[in-house]
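Below is one structure; the comments refer to it alone.
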Amino acid sequence: MRASIGGRLPLLVPAEVRKPHAKRSVVPPKLQLRAAQKIIELGVKAGKIAPDYKLLGHRQVSNTVSPRDALYNEIIKWPHWSSEP
C-alpha cells in the first residue's frame, strides 16, 4: 500500500546526525546519502517515481522552522531538487 499526499508520494531521506553537545548539525554519512539517491533511482526505473519528479525538503511543504540546515544544504545539490513544490 502506498500513501500519497495530494497525488505525491513522500520519500524519507536519512535524518541529520547530531553529535551530543554540538551546536551545528552535520550531513549524514555519504553511505546514507548514496543509499537515498539509489532508492530514488531504483524507484524511477521501477516506475514508482515519475522521471520528472521534484525533490523537496520538508521545510518547503510544511509550515515549520528547522534549525538543521546541513541535510537541506546537501539535497539542494541533488538532481531534481526544486525550489517550488
Side-chain angles (χ1 to χ4, degrees):
M1 184 169 148
R2 294 191 302 181
S4 65
I5 301 169
R8 296 184 178 118
L9 183 63
L11 175 68
L12 301 177
V13 176
E16 292 181 50
V17 177
R18 282 192 160 251
K19 294 181 179 179
H21 309 294
K23 293 186 179 190
R24 296 186 54 165
S25 60
V26 295
V27 176
K30 290 183 191 258
L31 182 64
Q32 288 181 354
L33 294 173
R34 283 195 298 269
Q37 290 173 322
K38 191 66 174 178
I39 289 170
I40 295 169
E41 178 187 329
L42 292 172
V44 171
K45 285 182 181 177
K48 302 293 182 182
I49 299 174
D52 61 344
Y53 71 88
K54 289 183 178 183
L55 179 64
L56 305 169
H58 99 281
R59 68 173 65 179
Q60 293 174 267
V61 295
S62 175
N63 189 13
T64 185
V65 176
S66 176
R68 299 178 185 130
D69 293 325
L71 179 59
Y72 184 78
N73 288 334
E74 177 65 28
I75 68 168
I76 64 174
K77 300 176 212 168
W78 291 11
H80 294 271
W81 179 82
S82 177
S83 61
E84 299 292 325

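Counting begins at 1 with the first residue of the sequence. These figures come from a predicted structure and were not determined experimentally.
Note: E74 CD to K30 NZ = 7.0 Å, rounded to the nearest 0.5 Å. With rounding to the nearest 0.5 Å, the separation of CD in Q60 from CD in E84 is 8.0 Å. To the nearest 0.5 angstrom, K38 atom NZ is 5.0 Å from K45 atom NZ.
With H80 contributing its side chain and Y53 its backbone, the two residues share a donor-acceptor pair below 3.5 Å.
For the pairing with V44, the side-chain contact (heavy atoms from CB on, under 4.5 Å) check across I39, I49, D52 returns one residue only, I49.
Between W81 and Y72, the angle of the ring planes goes over 60°, which puts this pair in the perpendicular group of the 30/60° scheme.
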S82 vs L56, side chain to side chain contact (heavy atoms under 4.5 Å, CB included): CA-CA, chis, key distance, verdict | CA-CA 6 Å; S82 177; L56 305 169; 4.0 Å; yes

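Residues L71 and P28 form a side-chain contact, since some pair of their non-hydrogen atoms from C-beta on lies under 4.5 Å apart.
L42 and I40 fall into different hydrophobic clusters, where Ile, Leu, Val, Met, Phe, Trp and Tyr side chains are chained together by heavy-atom contacts under 4.5 Å.
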